[in-house]
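Residue numbers begin at 1 in each chain, while the letters A, B, ... track the order of the sequences. Both backbone and side-chain heavy atoms feed into the values below; hydrogens, waters and symmetry mates do not.
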2 protein chains.
Amino acid sequence: MKETSLTPERDETIYSHLHAAICDSRLLPGTRLPEDTLAETFGASRTIIRKVLQRLAYDGLIEIRPNRGALIAEPSVPEARDIFATRRILECGALAEMAGKVSAADLAALKAINAAEDEAQLKGDRAAAIRLSGEFHVRLVDLAGNAVLSELVARLIARSSLIIATYGSPISVTCRHSEHEQIIDLIARGAFTEAAQWMGEHLTTIERSLRWEQETPDLQAVLREFIDGSAAGRGK
Amino acid sequence: MKETSLTPERDETIYSHLHAAICDSRLLPGTRLPEDTLAETFGASRTIIRKVLQRLAYDGLIEIRPNRGALIAEPSVPEARDIFATRRILECGALAEMAGKVSAADLAALKAINAAEDEAQLKGDRAAAIRLSGEFHVRLVDLAGNAVLSELVARLIARSSLIIATYGSPISVTCRHSEHEQIIDLIARGAFTEAAQWMGEHLTTIERSLRWEQETPDLQAVLREFIDGSAAGRGK
DNA sequence: TCCTTGTTGATTGTATACAACCATACCCCA
DNA sequence: TGGGGTATGGTTGTATACAATCAACAAGGA
């Protein structure tokens, strides 16, 4: 891959690199992003880095705390629920507006993505599986032919990968292959209402597979348990 | 109006000033926004102005052309249609999730906004009427209790004011008072499904009241017609 | 031991200088 | 007279220097 594009739009390439790294869970929530480090890494000045960081903050992928620097966002539980609820509204709405706009080639492209995701899952490539799963949802919404809608959904899906990185269990974090297949079949049959209903349940399934409770390491309780254990069992 | 806030977060205040000016149609689509001029006006350096402009560009309220500066965005017809279609999906979806969350105080607040809009309309204060009409929609969606959804809708409504500024006829550009009233009534009765349906039709009504045709002065056609007219003496 | 307070190092916030670029206007040549 | 190449002014793009801020640490006193 090109290391740095010397000519134009360095900020664009830096942005996409960071965006990809976050969505692939190669940069985990909570990771700090000092401007100097990034500037050195990408061979750019802090001015460029700053522009990129602001854009990522708008996307909700990082958080910029005044005077304290940027870090990969850690979505709160309410925020995560809101994101999935909004995705349900948007993606189901997209399906409802898709009637008569879907070609056979579109369906074939979706199937290809689905197959690639399946393969990645079998090979144990978790990052690729998550990325392809997201791409399936994005491409699906694209079929509605609404650029504004597509962009909103793409952003929410990027944030969803942060949610999965924060709350997902190591296994079964991504969509079940069969559910995507089912949606494709329903669209092929022109059953858009049923497809939308399936999509709603599909997203609910993903949301349910997350572990909301583990948030907040609960330092107090952990330490107390440790002290109790050492006090009752072996002396200090 | 306050000229400059000397203390902190100048960018925030500058942003909100510009945002308000755009949404109130005091800055019309196509207006150029040179960095120097803005910097001088607000008493800040170009660094601050740049940050604000990027944020406005992200909101879709201005367009930044590389090396050529920023200008108030002029939404294209397809973009405008997409924005309204997306609003329909989101606002109707919000209504559907509102069951059991609406208090009497919420309804009273909506009625107050509606009354204020009505008053502004009677007084002929077009800017205030547009602003209050938008505020009604935003506050309504807030009742769903989904912060992510609220933010998306708020952004789309801000862009809608640009659409109205570009394509709206001088009269009847804003929502009809009675339609907002009707939605409040339906919510008060707990008829959220009907309210969502009404909202959909309401947004379609707004969209239909715009004049899509006048966009693109159609230079080619105009000139050809002119030439034909002078050449043929009258017409074809 | 705990709390307070001053210092220090690192990091971000802002302004400004300079380079790059585009659009206009001008001039020369056919 | 018109077309094309070229200066020029004005505007944006980028880097860097400096100021402001915060967190961590150390030292002093109760």
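- In this structure, A:Arg46 atom CZ and D:dT16 atom C1' are separated by 9 Å, rounded to whole Å.
- For B:Arg211 and B:Tyr167, the positive end is not near the middle of the six-membered ring at less than 6.0 Å and at most 45° from its axis.
- If you take CD1 of B:Ile48 and P of C:dT12, they are 16 Å apart, rounded to a whole angstrom.
- The nearest whole Å value for the distance from the CD1 atom in A:Ile64 to the P atom in D:dT21 is 18 Å.
- Listed here is the closest heavy atom pair of B:Asn146 and A:Ala85: ND2-CB, 3.6 Å.
- With C:dT12, D:dT14, D:dT12 as the candidates, the nucleotide lying closest to the side chain of B:Asp36 is D:dT12.
- Nearest to the side-chain atoms of A:Asn67 among the listed nucleotides C:dT14, D:dA15, D:dC22 stands D:dC22.
- Straight-line distance from the CZ atom of A:Arg32 to the P atom of C:dA10: 13 Å, rounded to whole Å.
- As a whole-Å value, the separation of A:Arg68 CZ from C:dT11 P is 13 Å.
- Under the side-chain contact (heavy atoms from CB on, under 4.5 Å) rule, B:Ile72 has a single partner from B:Leu61, B:Leu28, B:Ile62, B:Leu56, which is B:Ile62.
- By the 6.0 Å contact criterion, NZ on A:Lys123 is open, its count of non-hydrogen atoms from other residues, nucleotides or ligands being 12 or less.
- Across D:dT11, C:dT16, D:dT16, the shortest atom-to-atom separation from the side chain of B:Ser45 is found for C:dT16.
- Atoms CG (A:Asp11) and C1' (D:dA15) sit 14 Å apart, rounded to a whole Å.
- Remark: C1' of D:dT11 and CG of B:Leu71 are 13 Å apart, rounded to the nearest angstrom.
- For A:Ile49 and C:dT11, the CD1 to P distance is 15 Å, given to the nearest whole Å.
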